[in-house]
Amino acid sequence: MAAATVSKLCSSRNLENAKELRLKPLQNRNVLKLPRSFAVHRLTSTKVLSYQNSKGGSGTIYADSNEVERPWKTSDARLVLEDGSIWRAKSFGATGTQVGEVVFNTSLTGYQEILTDPSYAGQFVLMTNPHIGNTGVNPDDEESSQCFLGGLIIRSLSICTSNWRCTGTLGDYLAKRNIMGIYDVDTRAITRRLRQDGSLIGVLSTDDSRTDEDLLEMAKSWKIVGVDLISGVSCDAPYEWSEKTDSEWEFKRDQHSTDKYHVIAYDFGIKHNILRRLTSYGCKITVVPSTWPASETLKLKPDGVLFSNGPGDPAAVPYAVETVKGIIGKVPVYGICMGHQLIGQALGGKTFKMKFGHHGGNHPVSDLRSGRVDISAQNHNYAVDPASLPEGAEVTHVNLNDNSCAGLAFPKLKLMSLQYHPESSPGPHDSDLAFGEFVELMKANKV
Ligand SMILES: NC(=O)CC[C@H](N)C(=O)O
């Protein structure tokens with residue numbers, strides 16, 4: 001059908017009150033020009049235009065996406081998943097081609113803290129909250145000095161920012177850090193696919209010269225299991241940390257210890273808020289690289305040792321497990337996420353890869369000792385198998401969504417660990433008291 005015929009059809013008297021008009025694919029022109037009397041309201045999907053004409057009639061026109069002239073960008077990026085599915089999207093941030101594991105995160109807020117969480121190295125984060133970018137970015141919400149993740153996948157990119165702390169847009173922020181982002185993609189459908197089939201590797205590309213088959217091959221041949229990712233995100237040399245939570249955000253003003261406990265914090269990809277919360281609880285912290293020997297740590301005679309969060313497969317970093325083995329039983333220790341998994345292995349237990357993991361700020365966790373339920377922030381794809389743990393190790397917390405192990409203690413070894421994030425950032429603060437528990441563990445060991 002030629003464009004002229006389409007115009008005639010649209011403006012014909014018969015159609016003035018029409019509610020729906022279906023167009024066959026245009027053969028001669030690739031642009032559909034609507035007659036003046038039709039003001040296009042919006043493009044509700046790539047195939048649907050809603051309109052209102054000057055006579056008060058309104059309705060919907062269906063057309064093939066590349067036959068409609070639109071004032072905004074058409075899809076210029078592809079996400080090719082290892083199952084062969086291809087998702088067309090629009091790009092923002094950096095351009096290029098990137099491979100990674102796709103995980104979905106159910107947090108409603110905190111995208112900047114998620115982007116700077118080093119535990120996402122090697123992964124694309126898909127936000128299930130459809131509206132992202134509305135609060136822009138600011139200098140205070142950084143959880144590390146860099147974005148280590150592979151890319152960001154969102155449904156809708158906010159066209160404006162509104163927040164009193166905002167100093168820039170999400171798009172500019174990602175472009176500056178060379179991180180790819182895509183939007184206008186069906187994030188619900190991808191999430192359902194991941195929930196059904198488990199984690200999938202994907203390739204994001206804005207490069208038209210790469211074929212779908214080429215990108216699929218790239219996705220299929222890439223591996224994340226068995227790869228040491230912590231060495232790529234850890235610091236190079238030890239450093240001191242002394243920054244507390246900013247007084248504006250501090251919510252437990254009077255309860256913190258005034259004693260100073262010296263904590264050595266192993267940086268497997270540590271989030272700043274773990275360091276801030278420990279400092280607020282009265283700790284003096286020395287952060288050390290992932291390869292820092294246990295003997296050097298013990299020489300410093302710390303009051304306690306923290307094993308941090310970090311990306312990737314805990315079974316792929318035997319050197320870190322050896323370090324943990326060399327320290328537990330000698331000083332009080334606290335493990336968070338990757339740190340918890342390494343402790344599990346150091347005790348002789350096993351870790352396994354979950355179907356699609358836990359990522360989000362709304363996971364219920366039960367403390368089996370008190371019966372208390374916390375809503376927690378989580379970000380992990382692996383878990384400790386409690387059945388593999390030796391006698392003396394106790395499961396202290398379980399995730400109420402799937403009963404997986406969410407916390408461990410070994411009182412004789414003065415050891416505690418959590419699979420989730422008591423420091424939140426982003427997420428609820430319910431489990432903040434765990435930092436106090438660690439301080440109590442160090443206190444009891446001192447007297
Ligand atoms: N946040 C973390 O420390 C993640 C732990 C580990 N890399 C996992 O995915 O299970």
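Along the sequence shown, residues carry numbers from 1. One-based numbering, in listed order, for ligands and for the atoms of each. None of these values were measured; they are calculated from a predicted model.
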Problem - Atom indices of ligand 1 within 4.0 angstrom of Gly310 heavy atoms, with elements - result: 2 (C), 3 (O), 4 (C), 5 (C), 6 (C), 7 (N)
Problem - Check: His358/Asn399 side-chain N/O donor and acceptor closer than 3.5 Å - result: yes
Practice task
Say whether Asp313, considering both its backbone and side-chain N or O atoms, lies within less than 3.5 Å of an N or O atom on ligand 1.
Solution key: no
Fill in the blank from the handout: Note: ligand 1 atoms sitting under 4.0 Å from heavy atoms of Pro311 are 7 (N)
Problem - Short side-chain to backbone donor-acceptor contact, Ser388 and Lys350, under 3.5 Å - result: yes
Exercise for the section: Would you tell me whether His262 and Asp303 have side-chain atoms, one donor and one acceptor, within less than 3.5 Å of each other? Expected result: no
Completion exercise
Per-atom filter on ligand 1: closer than 4.0 angstrom to a heavy atom of Gly312 are 6 (C), 7 (N), 8 (C)
Problem - Beyond-backbone contact of Val103 with Phe124, side-chain heavy atoms, under 4.5 angstrom - result: no
Handout entry: Mode of Ser119 contact toward ligand 1 - side chain, backbone, both, neither (heavy atoms, under 4.0 Å)
Key = side chain
Problem - N or O contact, Met338 vs ligand 1, cut-off under 3.5 Å - result: yes
Practice task
Would you confirm whether Thr211, through its side chain, and Asp214, through its main-chain N or O, come within 3.5 Å as a donor-acceptor pair?
Solution key: yes
Problem - Cys235 backbone acceptor or donor facing Asp267 side chain under 3.5 Å - result: yes
Completion exercise
A student checking ligand 1 against Gln341 at a 4.0 Å heavy-atom cut-off should list atoms 5 (C), 6 (C), 8 (C), 10 (O)
Fill in the blank from the handout: Closest to atom 1 (N) of ligand 1 among protein heavy atoms sits Asn379 O, 2.8 Å
Completion exercise
The protein heavy atom nearest to atom 2 (C) of ligand 1 is Cys337 SG, 2.9 Å
Exercise for the section: Using a strict 4.0 Å threshold on nitrogen-to-oxygen distance, state whether Glu250 and Lys244 make a salt bridge. Expected result: no
Practice task
Using a strict 4.0 Å cut-off to heavy atoms of Asn381, name the atoms of ligand 1 that fall inside it.
Solution key: 8 (C), 9 (O), 10 (O)
Practice task
Output yes when a side-chain donor or acceptor of His380 lies under 3.5 Å from a complementary backbone atom of Tyr382, and no otherwise.
Solution key: yes
Exercise for the section: Mark yes or no for whether Ser234, through its side chain, and Ser290, through its backbone, hold a donor-acceptor pair below 3.5 Å. Expected result: yes
Exercise for the section: Please could you name the atoms of ligand 1 that His421 approaches to less than 4.0 Å, counting only its heavy atoms? Expected result: 1 (N)
Problem - Contact (N/O only, under 3.5 Å) between Tyr382 and ligand 1 - result: yes
Handout entry: Close N or O approach (Gln419, ligand 1; < 3.5 Å)
Key = no
